[in-house]
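Comments concern the structure below.
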Amino acid sequence: MTPPPPGRAAPSAPRARVSSPPAGCGLLLRFLLQLCAAAAQDRLDFGQAEPHTVLFHEPGSPSVWVGGRGKVYRFDFPEGKNASVHTVNISSTKGSCMDKQDCENYITLLERRSEGLLACGTNARRPSCWNLVNDTVVPLGEMRGYAPFSPDENSLVLFEGDEVYSTIRKHEYNGKIPRFRRIRGESELYTSDTVMQNPQFIKATIVHQDQAYDDKIYYFFREDNPDKNPESPLNVSRVAQLCRGDQGGESSLSVSKWNTFLKAMLVCSDAATNKNFNRLQDVFLLPDPSGNWRDTRVYGVFSNPWNYSAVCVYSLGDIDRVFRTSSLKGYHVGLPNPRPGKCLPNQKPIPTETFQVADSHPEVAQRVEPMGPLKTPLFHSKYHYQKVVVHRMQARHEETFHVLYLTTDRGTIHKVVESGEQEHSIAFNIMEIQPFYRTAAIQGISLDAERRKLYVTSQWEVSQVPLDMCDVYGGGCHGCLMSRDPYCGWDQDRCVSIYSCQRPVLQSINPAEPHKECPNPKPDEAPLQKVSLARNSRYYLSCPMESRHATYSWRHEQNVEQSCEPGHQSPNCILFIENLTARQYGHYRCEAREGSYLREAQHWELLPEDRALAEHLLGRACVLATSFWLGVLPTVVLGMLVH
Ligand SMILES: *[C@@H]1O[C@H](CO)[C@@H](O)[C@H](O)[C@H]1NC(C)=O
Ligand SMILES: *[C@@H]1O[C@H](CO)[C@@H](O)[C@H](O)[C@H]1NC(C)=O
Ligand SMILES: *[C@@H]1O[C@H](CO)[C@@H](O)[C@H](O)[C@H]1NC(C)=O
Ligand SMILES: *[C@@H]1O[C@H](CO)[C@@H](O)[C@H](O)[C@H]1NC(C)=O
Ligand SMILES: *[C@@H]1O[C@H](CO)[C@@H](O)[C@H](O)[C@H]1NC(C)=O
Ligand SMILES: *[C@@H]1O[C@H](CO)[C@@H](O)[C@H](O)[C@H]1NC(C)=O
């Protein structure tokens, strides 16, 4: 087989295809695409397996830091140049090791500090940190709470100026109940052991409110459902609040505990279909461009027991209102003054009575529901999503789109465009991206809005994926606009990124029939391809089903010979010719129809045999065959033999 021509589908290029729509949202498009643009410079591997990684990236920087086993890697992705990797060894300063894993130093935390890059790791069960300054490694010694004893622990560390918050145990063999602590800053505080049941921490954030004394810490977690009714879900998803200025309490019981803890249930369910998604997987906070903290959008990815997913969007304003105004669950007498959860100015301690009520009734009665009048998920889907990042972007007509990048449990990324106003927002799943050469679960993802790139890691590789991959869309102007990709537009004769083109590009705001805005009313015809074949030969014609919302058919002259509906098993619509007869020579066209949109995707002419021409054309057929779907290759290769 001839290799694909240069610049097209190098084996290491991230490959993209558009995947099935999130169910329950009207208008969706699904493309099956191979990414041609990205080159080898966008991907690097570790050179060994890294079962536990931590990814650190500062927006605008060409570098990605990854912590692995006894190593910190720095991957540089300079614009227009080949990527490079640089490693720093930080092996464990051997302690008393029990087994092999214990003796390793898994780096679990990377964070920029004024002194350099802080790296912390398990260090043979003696959690320790190092400072990386200009490639020199400065040991900082044992630092409890900054790294866990083993890499799989449920750990979350939050930095804010000189303050450090952590969910990591400080002692190896006591304290079975995970706590949320302040480990550096003002006095050390921790959560009461009774306020959370077996929590799994997901994300924590500091929110600067209108008054400094009112600044909050919010953290998101799952816990065992205290409601043991067999009909109730086993786990519930929560948001908790703490006052950043919490000074602890006045009594001996409350003095080193958070006195402002409250938690609320996060609801993600669709009342119309009675679908509930109880298991929070990931949270992404998208600040509002106005700077108003109340309008920060909180994207939550949830799953249900069948591993279907939903995305619900909340606002920080709603979360704050629930904590300020709700009664406490199970507490039916008047609330003490100050009410539980209230932050007090001037470092005033919380009175013991307020602490006792909050400590015995830590959950508020009101639940936090998604934004919008229907309070329903933005969408739900049969995929099992794990992580989400969101890019707020401005398309050509100044419309703002929120573009969600969701990682699946198959190691791919779905690009979902949320458009329209809150009340009428719709989501299109426009593309599935396969970021790695070697299929593997995605361990980390980071979005850089400035460089317009995603950085993703697996246990083998790090990959840089551009957000604006426009040359993947075939089909001329029509195909470009039908993709409904807000990063792309039509410029004269190409589908281009809105960022790379200085001239205004054509973008459509008509979600139903965007192609109608193209200057040419009819889509371009497919280029005629010819092949010469002997009588009685076996042959096949393959038409990639790029859009999963279109019906593809193969026509021979006027007759439809093969029709492939959306949902067709194979990603190609294939017409087999078992034994070529004289009547079967002639023109074959593959047509894609989607609503009022009709496009000729392939046009072949089968001619009586001419050996030289046939060999020339076999090269082209190989381009098709190298398509992403290696699974269909064995049958396809057999069929390709020209007798
Ligand atoms: C990038 O790498 C490729 C293959 O390794 C090499 O052929 C090419 O010269 C490199 N380009 C630059 C700018 O270093
Ligand atoms: C890191 O350690 C490996 C072996 O453990 C060694 O081969 C490599 O040279 C070291 N790299 C540096 C930069 O010291
Ligand atoms: C690190 O390198 C930069 C630039 O090369 C230099 O200005 C700085 O002083 C160095 N810092 C240390 C601690 O060596
Ligand atoms: C969910 O509930 C099950 C059964 O109670 C428990 O084993 C599991 O740890 C819980 N998961 C969480 C808290 O995420
Ligand atoms: C759901 O996913 C988890 C983790 O990916 C897996 O362990 C579990 O078996 C899955 N459950 C179902 C019902 O597929
Ligand atoms: C194809 O058809 C011809 C005549 O109809 C027959 O002789 C030949 O055996 C067939 N070939 C195959 C592979 O079926």
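Here the structure is a predicted model, which means the values were calculated and not measured. Both ligands and their constituent atoms are indexed starting at 1 by order of listing. We use all heavy atoms of the structure for the numbers below, so side chains are in, but hydrogens, waters and symmetry mates are not.
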- Have Glu605 and Tyr588 got a donor and an acceptor in their side chains that come within less than 3.5 Å? no
- Query: Rounded to the nearest 0.5 Å, how far does OG1 of Thr581 lie from CG of Asn536?
  - Reply: 8.5 Å
- Query: So do the side chains of Asp42 and Val465 get within less than 4.5 Å of each other, counting heavy atoms only?
  - Reply: no
- Closer than 4.0 angstrom: is that true for some heavy atom of Ser303 and an atom of ligand 5? no
Write out each pair where an N or O from ligand 6 and one from the protein are under 3.5 Å apart, with the distance.
| residue | atom | partner | partner atom | Å |
| --- | --- | --- | --- | --- |
| ligand 6 | 2 (O) | Asn579 | OD1 | 3.4 |
| ligand 6 | 2 (O) | Asn579 | ND2 | 2.4 |
| ligand 6 | 11 (N) | Asn579 | ND2 | 2.9 |
| ligand 6 | 14 (O) | Asn579 | ND2 | 3.3 |

- Does a donor on one side chain and an acceptor on the other come within less than 3.5 Å for Asp224 and Asn198? yes
- Thr167 side chain vs Leu156 backbone, donor-acceptor pair below 3.5 Å: yes
- Message: Between ligand 5 and Asn307, is the shortest N or O to N or O distance under 3.5 Å?
- Response: yes
- Message: So if I count the atoms of ligand 5 from 1 in the order they appear, which ones are less than 4.0 Å from some heavy atom of Pro305?
- Response: 13 (C)
- Qualifying salt bridge (Lys or Arg N to Asp or Glu O under 4.0 Å) pairs, either residue in residues 563-590, two or more places apart: Arg538-Glu578, Arg589-Glu600
- Query: Is there a donor in the side chain of Ser232 and an acceptor in the side chain of Asp227, or the other way round, less than 3.5 Å apart?
  - Reply: yes
